Amino acid sequence: MTVVTRFAPSPTGFLHIGGARTALFNWLYARHTGGKFLLRIEDTDRERSTQEAIGAIMESLAWLELDADEEPLFQSTRAERHAEVAREMLAAGKAYHCYCSPEELQAMRDAARAEGRPVRYDGTWRDRDPSEAPSDIKPVIRLKAPQEGETKIIDRVQGEVTVANAQLDDLILLRSDGTPTYMLAVVVDDHDMGITHVIRGDDHMTNAFRQTQIFEAMGWDVPVFAHVPLIHGPDGAKLSKRHGAVGAEAYRDMGFLPEAMRNYLLRLGWGHGDDEIIATDQAIAWFDLDGIGRSPSRFDMAKLTALNLHYMKQADDARLARLTAPLLASRLGRDLSERDMAVLTDAMPSMKERAKTLLELAEQTEFYFHARPVTPDEKAAKVLTPEARSAIGEMADELSAVAEWTPEAMEALVRGYAERAGLGLGKVAQPLRAALTGRTVSPPVFDVMAVFGREESLARLREAAVA
RNA sequence: GACCCCUUCGUCUAGCGGUCAGGACACAACCCUUUCACGGUUGAGACACGGGUUCGAUUCCCGUAGGGGUCGCCA
């Protein structure tokens, strides 16, 4: 049997972190088994579904590089098929018309709650003669769910979970306006799409029982379920906007790499021994449902950040430059030229291991693109004492004579200068740094000079020397 | 309230009857060092509680407590 998984978001908002992980797990499982990963947009709530949300979700999935094997299916296009299944169940005696008004139902729920009884539909119309039906009310179609016994689901994460059928009521399949409910639509679509494995959030656990009843009423195979525990915020409560409940694209904007995000999300609720750094191809080879934990986990930005540093160090320089460019452009208030891009790429080897995000990369490489004369910040200005300036001038003269403009040659020269002056390297490097970058923090000064090139470096040093 | 699920360092987790309870992030100290980082070494830090079962429970069972989820003509 070929595995077919699906990710089925409802487009009422962005793709939040939990959804992103659900998508990742479905994608990984399909890739691991050589199966298919499908996408279904559950847009049956026309009030709340928006085009913007669809766009945001697709964009986030694209950013995370979770590619579906087929074009996304829009659930709203399948309403006729859903209604047809409802009518089929009606004809087979598996469903019935219910004429209760929303007000009556609400009263029923309120009463039940007040008396401390389970809140359920009481089956008023379950066995009532259709001739008693009021002519002025459009009925809904309800599932004639079993009232005795129990419904069991086999869940690859939660194990065997059983609930007494008495706990479940006759859910609505088709609304009075003839449109399908979520419960019906999901089952019909999962069946028609050939979904074999339903991997989704824990919040759908109770839905699994009701959906199983529909599958069984239709005589369809029930897919394998895997209900993944939810992700909570750092405080253990539900994810709120303050922490993880922002869209996945927000993490892109914060300067995280998609591969870091995937690795982080993978390790949140899934483990493979002591392994922490798990590249995507390795994840595909290793991922299995048995590795999913049963307890909810908390979102931890620090760990994501640490992972991001790791992947940044490994990332290709040109790619990092490309990703950093727009962030840098917005800091500088101008676009980067081809020449700028070359400088940025050259700057990456010494830069990428000291920045945790692309945002930091942009911030820390910014000085390369500030035109001369250098404007030192407060700390750098303090370093540039008159003595330091004259030393910078002397070093500039010596440096101008260096044959090869390499970090090694420059370092040898400056070390020699420091020794003759009876100073540590730090004493002379800081003024150089301040003169070159206008800051007191930067990559090693000789790397910086190599990136700037001979001409630009000497110009900066000489300006600092005479200032 | 009813039903269902969960509970190992602060966080993510390993563990699947006998372990000095391991790793990672974060934290602290030290080393490295031209600044900041990276890196390295070391340290502190956990089996929610109470009963069983067993020669022996973190591990199995039952309670308690705490947390979470679900109870719509929303998805």
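Worth knowing before you read on, the calculation uses all heavy atoms, side chains too, and leaves out hydrogens, waters and symmetry mates. Note that the structure is predicted; figures quoted are calculated from it, not measured. Proteins come first, then strands; the chains are lettered A, B, ... in the order of their sequence lines, and each starts at number 1.
Put simply, A/Lys356 has a side-chain N or O that comes within less than 4.0 Å of OP1 or OP2 on B/C38.
Looking at the side chain of A/Ser10, the nearest of the listed nucleotides B/U35, B/A75, B/U11 is B/A75.
One C1' atom belongs to B/G22, the other to B/U58, and the distance between them is 13 Å to the nearest Å. Taking atom C1' on both B/U11 and B/U70, the two are 27 Å apart, rounded to the nearest angstrom. The gap from the P atom of B/G40 to that of B/A46 amounts to 25 Å, rounded to the nearest Å. B/C38 sits 14 Å from B/C31 when the C1' atoms are compared, rounded to a whole Å. Rounded to whole Å, the separation between the C1' atoms of B/G50 and B/U7 comes to 15 Å. Remark: the separation of the P atoms in B/C60 and B/G1 is 29 Å, to the nearest Å. The same atom, P, is picked in B/U41 and in B/A14; the two are 24 Å apart, to the nearest Å. Using P as the reference atom, B/C36 and B/C30 are 14 Å apart when rounded to the nearest Å.
Counting non-hydrogen atoms under 4.0 angstrom, A/Pro443 reaches a base of the nucleic acid. Contacts of A/Thr440 with the nucleic acid, taken as non-hydrogen atoms under 4.0 Å apart, include base atoms. Using a 4.0 Å heavy-atom distance criterion, A/Leu309 is classed as a sugar-phosphate-only contact. Counting any heavy atom pair closer than 4.0 Å across all strands shown, A/Lys313 reaches sugar-phosphate atoms only and no base atom. When heavy atoms are screened at a 4.0 angstrom cut-off, A/Glu42 is found touching the sugar-phosphate backbone but no base atom. Among the atoms of the strands shown, only primed sugar atoms or phosphate atoms (P, OP1, OP2) are found under 4.0 Å from some heavy atom of A/Ser297. A/Thr44 comes within 4.0 angstrom of sugar-phosphate atoms only, judged by non-hydrogen atoms across all strands, and of no base. Note on A/Pro296: only backbone sugar-phosphate atoms sit closer than 4.0 angstrom, heavy atoms only; bases stay farther off. Among the heavy atoms of the strands lying under 4.0 Å from A/Arg109 are primed sugar atoms or P, OP1, OP2 only; no base atom is included. In this structure, A/Leu230 reaches the sugar-phosphate backbone alone: every heavy-atom distance under 4.0 Å involves primed, P, OP1 or OP2 atoms, never a base.
Nucleotide B/G63 has B/C49 as its partner under the Watson-Crick or G-U criteria, with both atom distances under 3.5 Å. B/G1: Watson-Crick or G-U partner is B/C71, with both key distances under 3.5 Å.
No cation-pi contact links A/Arg439 to A/Phe367, judged by a cut-off of 6.0 Å to the six-membered ring centre and 45° from its axis.
We find that A/Glu419 and A/Arg415 are not joined by a salt bridge, their nearest charged nitrogen and carboxylate oxygen being 4.0 Å or further apart.
With hydrogens and angles ignored, the 3.5 Å screen pairs no side-chain donor or acceptor of A/Asp290 with any backbone N or O of A/Arg156. Side chain of A/Thr181 to main chain of A/Ile172: a donor-acceptor pair is present (N/O by atom type, distance under 3.5 Å, no hydrogens or angles).
Mapped onto RNA chain B by nearest heavy atom, A/Asp300 and A/Ala8 fall at different nucleotides, with A/Asp300 at the one closer to the 5' end. Residues A/Arg433 and A/Asp43 each lie close to RNA chain B; by heavy-atom proximity, the contact nearer the 5' end of the strand is made by A/Arg433.
Base orientation of B/C62: anti, since the glycosidic angle falls outside 90° of 0.
Computed from coordinates, the A/Leu171 CG to B/C3 P distance equals 20 Å when rounded to whole Å.
At most 12 non-hydrogen atoms from other residues, nucleotides or ligands lie less than 6.0 angstrom from NZ of A/Lys94.
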